[in-house]
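Letters go in sequence order (proteins before strands), and every chain restarts at 1. Predicted, not measured: the structure shown is a model, and the values here were computed from it.
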2 protein chains.
Amino acid sequence: MEIELDERKEKILYAIIQNYQETGEPVGSRTISKYLDVKLSPATIRNEMADLEEMGLIVQPHTSAGRIPTDKGYRLYVDRMLSQKQLPSTERDAGFLIRRVDRVEELLMQMAKLLAMNTSYTTMITGPHYRKTKLKFIQLSSMGGGKLLAVVVSEGNIVKNNILDVGEELSQEGILQLNLLLNSNLSGLTIDEITLDIISRMKAEDGEHVEIINKILDAVAESIQGDDKVPIYTSGAPNIFKYPELTGGDRASELISALEEKTPLGRIVLNGEGEDGDKKEIQVYIGDEVPVESMKDCSVVTATYELGSGVQGKIGIIGPKRMDYEKVVEVLQSAMAQMDAVFKEVPK
Amino acid sequence: MEIELDERKEKILYAIIQNYQETGEPVGSRTISKYLDVKLSPATIRNEMADLEEMGLIVQPHTSAGRIPTDKGYRLYVDRMLSQKQLPSTERDAGFLIRRVDRVEELLMQMAKLLAMNTSYTTMITGPHYRKTKLKFIQLSSMGGGKLLAVVVSEGNIVKNNILDVGEELSQEGILQLNLLLNSNLSGLTIDEITLDIISRMKAEDGEHVEIINKILDAVAESIQGDDKVPIYTSGAPNIFKYPELTGGDRASELISALEEKTPLGRIVLNGEGEDGDKKEIQVYIGDEVPVESMKDCSVVTATYELGSGVQGKIGIIGPKRMDYEKVVEVLQSAMAQMDAVFKEVPK
DNA sequence: TGTTAGCACTCGTTTTGTTAGAGTGCTAAT
DNA sequence: ATTAGCACTCTAACAAAACGAGTGCTAACA
């Protein structure tokens with residue numbers, strides 16, 4: 001179902017959308033008349049608007065109000081916009097700078113904060129999931145008291161700790177031996193490549209510490225893929241208060257709750273949809289398209305970031321339907337580029 | 001300036017406070033008259049109330065409304081309450097259970113969530129600061145590309161990672177040697193005990209890697225005391241929407257912002273005040289006593305938790321002035337006891 | 001035939017006015 | 001010392017009225 005608009009209707013539609021974005025209030029024919037470069041009387045505009053309304057692109061909230069764009073109207077606008085600017089991006093990373101950080105979490109939180117501040121919307125960012133990341137090495141140390149510290153380092157210098165409770169106290173040599181065993185067998189593999197085959201080979205090779213090897217592998221699995229407890233960080237939640245259409249009544253409460261309760265949006269939107277295939281990097285959900293009940297009045301723009309070598313996660317910008325899609329998309333593209341850069345280290 | 005009340009006045013004051021806590025609305029003489037066990041007519045109550053008002057313990061928001069407690073009134077009430085129950089605590093840890101966790105951050109976040117849900121208020125929790133914690137050991141590993149991974153483990157099994165950029169590539173032996181040097185010199189010390197003396201001794205002992213040792217020590221310092229960037233976690237922020245007196249107008253926005261912008265409350269209230277000396281564990285800030293502008297309508301109850309061996313941080317419960325102080329104090333005490341328990345591991 | 005001016009009409013918002021009720025303080029009686 | 005009674009005050013809630021923004025339609029116009 002393709003929608004075709006003559007040029008004038010399109011101009012009017014855009015004018016309505018832009019005006020509505022600025023004010024957040026329904027916009028009437030008189031306003032448009034003054035706003036357009038072409039000189040048209042309010043009456044003419046009204047006729048055109050009636051048509052646009054019939055097409056389902058705009059509505060009036062009540063009889064004697066101006067028009068506001070429908071989801072469908074926005075969708076059209078956004079699609080045009082996206083197809084127009086395609087990829088003139090990636091050159092504009094002068095924008096803002098990220099302090100060099102070593103810890104991924106900090107980087108993510110900084111990024112979220114930055115985006116929230118830059119856009120005046122709310123930002124949500126998921127930690128990366130590592131299924132495609134290669135293990136670099138594992139470092140075992142004894143902590144005394146029958147406890148073992150397993151430090152798992154994977155490509156991109158992602159470091160995770162794990163304390164595990166092995167029943168017995170291991171000797172220094174035993175630990176060294178285990179260390180060697182683990183690294184020689186696992187180093188360079190992704191989590192998915194650690195097959196039962198390899199595991200049983202390792203157990204055979206060692207013979208003695210079968211139980212412990214199991215525990216260690218569990219720990220590795222947990223720290224590397226996080227077992228779908230990928231952390232999610234939010235920033236700029238208070239920004240929603242800038243948009244009355246979101247905070248009217250007790251909607252504010254619901255929204256803030258939905259943001260604190262990160263799961264739904266995080267899982268469904270940010271990770272969601274087919275993970276496979278290289279979708280287009282940037283995705284826009286408008287109003288009803290957002291699969292979270294309490295966010296039907298919002299739009300969400302998501303992007304996939306990559307921290308080198310298949311480690312990827314998602315960023316989402318959450319704002320009112322009248323958000324500045326253009327800016328958000330730009331900013332997101334720039335941010336993606338930067339995240340890429342941070343971990344693409346100068347190979348000395 | 002001691003305030004003394006005859007028994008009847010006190011009873012009336014308490015009745016007002018309790019009623020106000022339940023309803024959140026000003027309470028009038030008639031209500032109290034019915035509420036009290038002793039039979040007194042509204043008129044009598046009114047007279048007493050006039051007295052209480054003169055003493056600054058209650059006020060009427062406007063001429064023809066009931067009375068509500070002032071900060072001063074609350075203070076009196078809370079003080080009485082605290083002194084009465086002193087420490088009948090620590091026995092009631094049946095309450096709620098914490099899943100055993102290895103990572104401190106997770107424990108803290110879980111705790112915050114739990115408290116928020118249990119109390120219907122907002123919880124803020126600071127990560128611990130480690131100045132008094134002893135170093136257990138340091139584990140260096142090479143990450144290639146001139147990068148070194150330093151894992152710092154301190155008492156209570158707190159693990160921190162740090163990636164550092166040493167210019168050169170170190171040999172496996174060099175790293176082992178450094179490892180040994182660091183551990184033999186630093187193990188068992190607190191951050192404050194690492195003096196210049198020790199440092200120069202180490203440098204002398206090694207001679208070669210002076211520059212690297214410096215970097216490592218920086219990393220240790222940073223990971224161990226966090227350089228006042230102790231993380232702060234918040235949970236239950238949306239709870240404030242349950243209390244109209246906090247969310248009236250756009251106050252909600254300010255409050256939520258203040259909560260997201262963790263610094264002020266975090267630093268001032270939670271860590272703040274003389275860190276020294278063993279203050280009483282639980283502290284209550286009422287209304288104006290809260291040193292954050294946007295929280296003048298709130299009360300904050302803070303407690304200090306200890307994760308064994310001098311690792312301590314603070315928990316704060318933030319709610320309306322009419323919060324259920326009694327319950328909050330109880331819950332906090334119980335929580336503290338549990339956190340203690342979690343890290344007081346069975347010495348096998 | 002497309003555009004525009006004019007006008008009657010609609011409907012939400014704001015203002016103003018009215019009322020009801022809760023609560024007080026005071027006085028006088030018990 | 002307590003209480004009943006009463007006049008008074010002030011707010012919250014509701015209703016009515018005025019306002020105004022915006023529309024759709026019709027008729028005139030280029």
Side-chain angles (χ1 to χ4, degrees), chain A residues 5-13 15-20 22-70 73 244-245 247-249, chain B residues 5-13 15-20 22-70 73 244-245 247-249:
Chain A
L5 297 174
D6 66 54
E7 193 182 344
R8 202 171 69 182
K9 280 196 174 57
E10 184 167 297
K11 270 210 173 126
I12 293 180
L13 175 60
I16 293 176
I17 292 182
Q18 273 156 27
N19 246 280
Y20 180 62
E22 287 164 23
T23 65
E25 309 236 307
V27 14
S29 52
R30 167 189 301 264
T31 317
I32 297 300
S33 159
K34 273 180 290 184
Y35 187 89
L36 278 186
D37 41 0
V38 205
K39 253 291 161 235
L40 286 176
S41 82
T44 317
I45 308 283
R46 279 206 287 283
N47 289 329
E48 298 287 34
M49 292 208 296
D51 291 353
L52 287 172
E53 180 155 22
E54 210 167 313
M55 289 185 239
L57 298 175
I58 54 180
V59 276
Q60 29 187 183
H62 54 261
T63 323
S64 78
R67 309 301 218 283
I68 61 175
T70 61
E245 68 270 40
T247 47
Chain B
L5 296 174
D6 65 54
E7 194 182 343
R8 202 169 70 180
K9 281 197 175 53
E10 184 167 297
K11 271 211 172 124
I12 293 179
L13 175 61
I16 293 175
I17 292 182
Q18 273 156 26
N19 247 280
Y20 181 63
E22 286 164 24
T23 65
E25 309 232 311
V27 13
S29 51
R30 168 187 301 263
T31 317
I32 298 299
S33 159
K34 273 179 288 185
Y35 187 89
L36 276 186
D37 41 357
V38 204
K39 252 292 162 236
L40 285 177
S41 85
T44 316
I45 307 283
R46 279 204 288 282
N47 288 329
E48 297 286 34
M49 293 209 294
D51 291 353
L52 287 172
E53 179 155 22
E54 211 167 311
M55 289 187 239
L57 298 174
I58 54 179
V59 278
Q60 33 186 180
H62 53 263
T63 324
S64 76
R67 310 299 219 282
I68 62 176
T70 61
E245 70 269 40
T247 48

Whole Å only: how far is the [atom1] atom of [X] from the [atom2] atom of [N]?
X	N	atom1	atom2	value
I45(A)	dA21(D)	CD1	P	19 Å
I16(B)	dG23(C)	CD1	P	12 Å
N47(A)	dA5(C)	CG	C1'	13 Å
Q60(A)	dA21(D)	CD	C1'	12 Å
L52(A)	dT23(D)	CG	C1'	15 Å
I32(B)	dG23(C)	CD1	P	10 Å
L40(A)	dG2(C)	CG	C1'	11 Å
R30(A)	dC7(C)	CZ	C1'	14 Å

Below the 4.0 Å mark, does [N] have OP1 or OP2 next to a side-chain nitrogen or oxygen of [X]?
X	N	value
T63(B)	dC10(D)	yes
R67(B)	dG25(C)	yes
T44(B)	dT3(D)	yes
R8(A)	dT3(C)	yes

**OP:** With DNA chain C as reference, determine whether G66(B) or A43(B) sits nearer its 5' end, using the nearest nucleotide of each.
**Re:** G66(B)
Original post:
Any donor-acceptor pair under 3.5 Å linking the side chain of T70(A) with the backbone of G56(A)?
Top reply: yes
**OP:** Identify which nucleotide among dT24(C), dC10(D), dC25(D) has an atom closest to any side-chain atom of R46(B), counting heavy atoms from C-beta outward.
**Re:** dT24(C)
Atom pairs under 3.5 Å, N or O on each side, protein against nucleotides 14-22 of chain C: can you list them with distances?
none

